[in-house]
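Everything on this sheet refers to the single structure shown next.
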Amino acid sequence: MFEYKITHECKQSGARIGEFTTPHGVIETPVFMPVGTQATVKAMAPEELENIGAQIILSNTYHLYLRPGHGLVERSGGLHRFMNWHKPILTDSGGFQVFSLSKFRKIKEEGVEFQSHIDGSRHFLSPEDAIKVQNALGADIIMAFDECAPWPADYDYVKESMQRTLRWLVRCKMAHKNTERQALFGIIQGGTYDDLRVESAQHTTAIDLPGYAIGGLSVGEPKEDMYRTLDILRPHLVKEKPRYLMGVGSPDCIVEGVARGVDMFDCVLPTRTARTGTLFTSKGKVNILNAKYVDDLDPLDKDCDCYYCKNYSRAYLRHLFKTKEILGARLATWHNLRYLINLTERIKEAIRADRMLDFREEFINSVENS
RNA sequence: GGAGGGGUUCCCGAGUGGCCAAAGGGGGCAGACUGUAAAUCUGUUGUCUACGACUUCGAUGGUUCAAAUCCAUCUCCCUCCA
């Protein structure tokens with residue numbers, strides 16, 4: 001179980017196509033994983049996700065722990081059964097909530113004290129707790145409990161945080177009881193400090209795990225910093241293990257990430273922006289609410305094969321958004337997810353043809369010339 | 001016919017002598033969103049030859065240094081009573 005088999009390596013870029021085997025099926029990388037924090041990818045039914053080619057989705061330890069409680073999920077037969085998604089699932093550990101809910105928490109060596117954003121109740125989440133909850137949820141891939149440090153942040157703070165994340169990783173591995181059916185991934189931190197990144201990568205990969213993630217990026221830093229960090233990390237990653245860039249990203253970031261050897265991505269961007277009217281297209285970003293689309297009866301993207309683009313006009317989607325109809329959010333989400341999954345398909349073709357760098361060039365140009 | 005209430009910027013609706021181009025919503029226009037406190041948030045919304053000027057608060061006329069705000073007439077709407 002949890003074997004990662006690289007089936008092709010791009011001669012031009014070193015980008016890989018691989019197969020990661022899990023109890024709920026094989027994931028072909030590079031892969032984009034839609035995010036379904038609260039045991040649902042907002043606006044989409046599992047069947048619909050499957051139909052657009054989603055291979056694996058994310059869910060979240062912290063949010064499910066608070067509501068409805070991991071006990072209920074476990075009693076219902078695990079997360080797969082609870083939400084009726086029978087392909088692989090990855091759960092994030094709650095480490096991102098240490099960052100995003102920073103107003104409600106206090107970090108200690110033992111773990112993190114949270115005050116619930118829902119009702120203000122106090123909770124304590126240690127690395128052991130995060131693993132215990134994830135064992136109960138039953139995802140195929142579970143994440144180590146880390147701290148996603150903010151950006152910008154002082155060197156000393158990031159160093160301390162990164163080293164604590166390493167100590168927490170050791171505790172996570174010790175606590176993980178279900179290694180046969182759940183793959184624990186470690187998370188490399190270190191902000192945008194190159195030496196801290198290298199230190200984190202060396203220590204993290206020294207611990208034998210089925211996969212490794214790069215965290216703490218796309219938290220506000222310039223893209224050049226993110227790309228540089230990926231370049232710095234690349235020689236320090238384990239070639240035979242999947243590499244997961246957490247929280248990324250936008251179409252251009254995914255292309256840039258794959259070109260730098262990343263295999264897995266997740267991001268709320270396509271689903272979140274879809275709900276507010278921003279759509280990815282082969283010609284760049286479109287805000288469907290713009291007045292110029294009021295009479296536009298063409299499909300959003302002629303190059304897209306999604307249910308929305310095949311059956312509806314831009315004017316119709318704009319109308320749905322203007323009237324705040326639920327279907328608007330659904331069609332937009334449907335499209336954005338299909339767009340990103342299509343993008344990974346095109347990326348795989350480029351890797352197979354050993355022309356990932358050419359593809360990157362073409363992609364950047366096509367999106368800019370809108 | 002009698003009594004009362006009211007007509008404010010695209011809409012609703014505050015404002016009752018100067019701090020009012022006029023609160024607040026809505027709508028419109030635009031922007032943001034990267035391991036989801038997000039079907040959310042931000043900006044903007046009379047005109048112009050634009051750090052100043054001009055036009056606006058049902059209409060007209062008047063009082064005043066100064067009116068959306070006071071007075072008169074007209075007009076339209078609403079409620080109650082006959």
Side-chain angles (χ1 to χ4, degrees), chain A residues 32-44 56-64 66-67 89-105 114-120 130 134 139 141-151 165 185-189 211 213-223 225-226 244-254 256-257 262 264-280 285-294 318 320-333 336 340:
Chain A
F32 175 77
M33 307 181 281
V35 180
T37 302
Q38 317 226 50
T40 169
V41 175
K42 294 184 195 296
M44 297 294 283
I56 168 173
I57 61 174
L58 252 70
S59 201
N60 186 274
T61 301
Y62 172 80
H63 288 285
L64 294 180
L66 279 187
R67 210 166 46 180
I89 298 176
L90 181 155
T91 44
D92 185 31
S93 60
F96 185 73
Q97 280 61 46
V98 177
F99 160 75
S100 66
L101 298 174
S102 58
K103 288 181 224 87
F104 299 96
R105 56 63 172 165
F114 279 102
Q115 200 160 356
S116 163
H117 64 283
I118 301 162
D119 63 5
Q134 292 187 90
I141 301 173
I142 66 175
M143 300 306 298
F145 190 57
D146 65 333
E147 183 198 353
C148 177
W151 187 91
T165 289
F185 279 28
I187 304 174
I188 296 161
Q189 290 290 348
I214 301 160
L217 291 174
S218 65
V219 288
E221 80 286 358
K223 283 183 182 177
D225 285 348
M226 180 172 110
Y244 164 28
L245 178 54
M246 304 186 79
V248 173
S250 58
D252 57 324
C253 288
I254 289 175
E256 296 286 354
V262 176
M264 303 167 69
F265 302 86
D266 81 280
C267 196
V268 306
L269 197 64
T271 44
R272 180 186 287 170
T273 63
R275 274 175 275 124
T276 62
T278 301
L279 291 285
F280 302 138
K285 250 176 20 175
V286 162
N287 184 344
I288 201 66
L289 283 152
N290 285 175
K292 60 185 166 186
Y293 301 120
V294 69
R318 182 176 193 275
L320 293 178
F321 269 93
K322 280 294 172 193
T323 51
K324 298 181 166 57
E325 284 291 338
I326 295 167
L327 184 59
R330 277 179 42 70
L331 293 180
T333 302
N336 272 356
L340 281 187

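Not measured: the values here are computed from a predicted model. We name chains A, B, ... by the order of the sequence lines, and we start the count at 1 in each one.
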Taking the nucleotide of RNA chain B with the closest heavy atom to each, which residue, A:C267 or A:A329, is nearer the 5' end?
A:C267
Residue whose nearest RNA chain B nucleotide is more 5′ - A:I326 or A:M226:
A:M226
Please work out if A:L90 contacts a base, only the sugar-phosphate, or nothing of the nucleic acid, heavy-atom cut-off 4.0 Å.
nothing
Using whole Å, report how far CG of A:N287 lies from P of B:G43.
18 Å
Would you measure the distance from the C1' atom in B:C77 across to the matching atom in B:A32 and give it in whole Å?
45 Å
Return the value, rounded to whole Å, for the distance between atom CG of A:L331 and atom P of B:A39.
17 Å
Should B:A3 form a Watson-Crick or G-U wobble pair with both distances under 3.5 Å, which nucleotide is its partner?
B:U79
Scan every strand shown for a Watson-Crick or G-U wobble partner of B:U64, both distances under 3.5 Å, and answer none if you come up empty.
none
Sugar-phosphate, base or nothing in reach of A:A291, heavy atoms under 4.0 Å:
sugar-phosphate
Hey, does A:Q189 reach any base, or is it just sugar-phosphate, or nothing, if we go heavy atoms under 4.0 Å?
base
Backbone of A:N290 reached by a side-chain donor or acceptor of A:R318 within 3.5 Å
yes
Which listed nucleotide (B:U36, B:C29, B:A32) is nearest to the side chain of A:R318?
B:C29
Between B:C29, B:A37, B:U36, which one does the side chain of A:K322 approach most closely?
B:C29
Among B:A32, B:G35, B:G31, find the nucleotide with the atom closest to the side chain of A:K285.
B:A32
Between B:A37, B:C33, B:U36, which nucleotide gets closest to the side-chain atoms of A:R275?
B:U36
Please classify the nucleic acid contact of A:F104 as base, sugar-phosphate, or nothing, using heavy-atom distances under 4.0 Å.
base
Of the options B:U36, B:G35, B:A37, whose atoms approach the side-chain atoms of A:K42 most closely?
B:U36
Residue that, paired with A:M143, satisfies side chain to side chain contact (heavy atoms under 4.5 Å, CB included) out of A:L58, A:L90, A:N60, A:T61
A:L90
Using the rule given for side-chain hydrogen bond (donor to acceptor under 3.5 Å, both in side chains), can you reason through A:N287 versus A:Y293, listing the C-alpha separation, both sets of side-chain angles and the distance that settles it, and then say yes or no?
CA-CA 9 Å; A:N287 184 344; A:Y293 301 120; over 6 Å; no
So A:D146, base contact, sugar-phosphate only, or nothing? Heavy-atom distance under 4.0 Å.
base
Considering only side-chain heavy atoms of A:L269, which listed nucleotide, B:A30, B:U34, B:U36, is closest?
B:U34
Classify A:K223 by what it touches in the nucleic acid, base, sugar-phosphate, or nothing, heavy-atom distance under 4.0 Å.
base
Determine: side-chain N/O of A:S218 to OP1/OP2 of B:U34, distance under 4.0 Å, yes or no.
no
Which one, B:C33, B:G35, B:U34, comes nearest to the side chain of A:T278?
B:C33
Is the phosphate of B:U34, meaning OP1 or OP2, less than 4.0 Å from a side-chain N or O of A:R272?
yes
